[in-house]
Protein chains: 2
Amino acid sequence: MSDTHTDVPSVLTAPLPIPVPLEEHRACPVTDVLRRAGDRWSVLIMILLGKRSYRFNELHRSIEGISQRMLTRTLRGLERDGLVSRTVHPSVPPTVEYDLTSLGRTFLGPLSTLADWAVLHDPDIAAARERHDAHSPH
Amino acid sequence: MSDTHTDVPSVLTAPLPIPVPLEEHRACPVTDVLRRAGDRWSVLIMILLGKRSYRFNELHRSIEGISQRMLTRTLRGLERDGLVSRTVHPSVPPTVEYDLTSLGRTFLGPLSTLADWAVLHDPDIAAARERHDAHSPH
DNA sequence: CTGCATCCTCAAAGATACTG
DNA sequence: CAGTATCTTTGAGGATGCAG
């Protein structure tokens, strides 16, 4: 009923210097996080690790279509950003356990908000695309 | 105080078929939205259009470093997804007005949630990166 | 003023094979 | 088991020129 005027105080509503300077959006924390979440595997991996911890090959088997290389690279990226922890158990053969860090777990909330929006409005987006593609000369 | 157990019912907490099938994440609405928001210009443009409507060259002047090509492409993408509207005023020379659609405005909420998280935890991420890069053999 | 067409560069992503 | 190394492909993004 009252969604004609959503007044959410946020960094997004803060005033911006116009023109927006290059450095303002070249190294923007928001874009930074969105680019990580926007890659092909990070979110899926974080969803799995949100349920329990996984070993490397266990993740590999759990995600159809991911290559070893991309799994490694994505895990390294998430680990570098402090979202995922990597624990080596010195056994023979070695086993490596991946988990969400506490920082990683705090990310699941905002991510859920966005994910729910995406699923809820997916039909709208699909419809808009069909309309647009129908009118475009292709 | 009570953030040790965040129980948010969401699509992210729903059970997943393991292994996650290819089609499940190849055309996933969530990834889809994240990839759009994760590109270099979409969010910035939506933030500007969230404040008021803009004409093409006005946007071009307002965002330092964006090329005409990328501005056009990004606007087309947002328009195709139904997030931004494009209105041509048949004057001489023609002026084109860009606005957020109502769908686009509903997106600002979830986006803000994520943006606020990003800004809040930016120091944590930066610290994690420094730690990681220091220990990595480069 | 508002674009589209063309050409170019570069990094992300994928395929495949090999290793401690 | 848990990766690394190498090669190839794809697409995002940028520079420039032309057009309605």
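Model, not experiment: these values are computed from the prediction. Reminder, nothing fancy here: chain letters follow the sequence lines and each chain counts from 1.
Looking at heavy-atom distances under 4.0 Å, B:T72 makes contact with sugar-phosphate atoms alone, never a base. Within the nucleic acid shown, A:R69 comes within 4.0 Å of at least one base atom, counting heavy atoms only.
Proximity note for B:Q68 (side chain, C-beta onward) versus D:dA12, D:dG14, C:dT2: the nearest is C:dT2.
With the end axes of the helix from C:dC1-D:dG20 to C:dG20-D:dC1 each set by five pairs, the angle from one to the other reads 50° at 10° resolution.
Phosphate proximity of C:dG3 to B:Y98: present, with a side-chain N or O under 4.0 Å from OP1 or OP2. Within the 4.0 Å cut-off from OP1 or OP2 of D:dG3, at least one side-chain nitrogen or oxygen of A:R76 is found. OP1 and OP2 of C:dC1 both lie 4.0 Å or more from every side-chain N or O belonging to B:R55. Side-chain nitrogen and oxygen atoms of B:Y54 include none within less than 4.0 Å of the OP1 or OP2 phosphate oxygen of C:dT2. Using a 4.0 Å cut-off, some side-chain N or O of A:R40 falls inside it from OP1 or OP2 of C:dG14. A close approach under 4.0 Å does occur between a side-chain nitrogen or oxygen of B:R86 and OP1 or OP2 of C:dG3.
No side-chain heavy atom of B:Y98 sits less than 4.5 Å from a side-chain heavy atom of B:R55. Proximity of B:L75 to B:T72: side-chain heavy atoms (C-beta onward) are nowhere separated by under 4.5 Å.
In terms of position on DNA chain C, the residue among A:P93 and A:M70 whose nearest nucleotide sits closer to the 5' end is A:M70.
The interatomic distance linking B:L34 (CG) with C:dA12 (P) rounds to 18 Å, in whole Å. Summarising the geometry, the separation between CD1 on A:I66 and P on D:dG3 is reported as 13 Å, rounded to the nearest angstrom. Rounded to a whole Å, the CG atom of A:D39 is 16 Å from the C1' atom of D:dT10.
Electrostatic pairing of A:E64 and B:R26 does not count as a salt bridge here, judged by no charged N lying under 4.0 Å from a carboxylate O. Salt bridge B:D32/A:R129: present, at least one basic N to carboxylate O contact under 4.0 Å.
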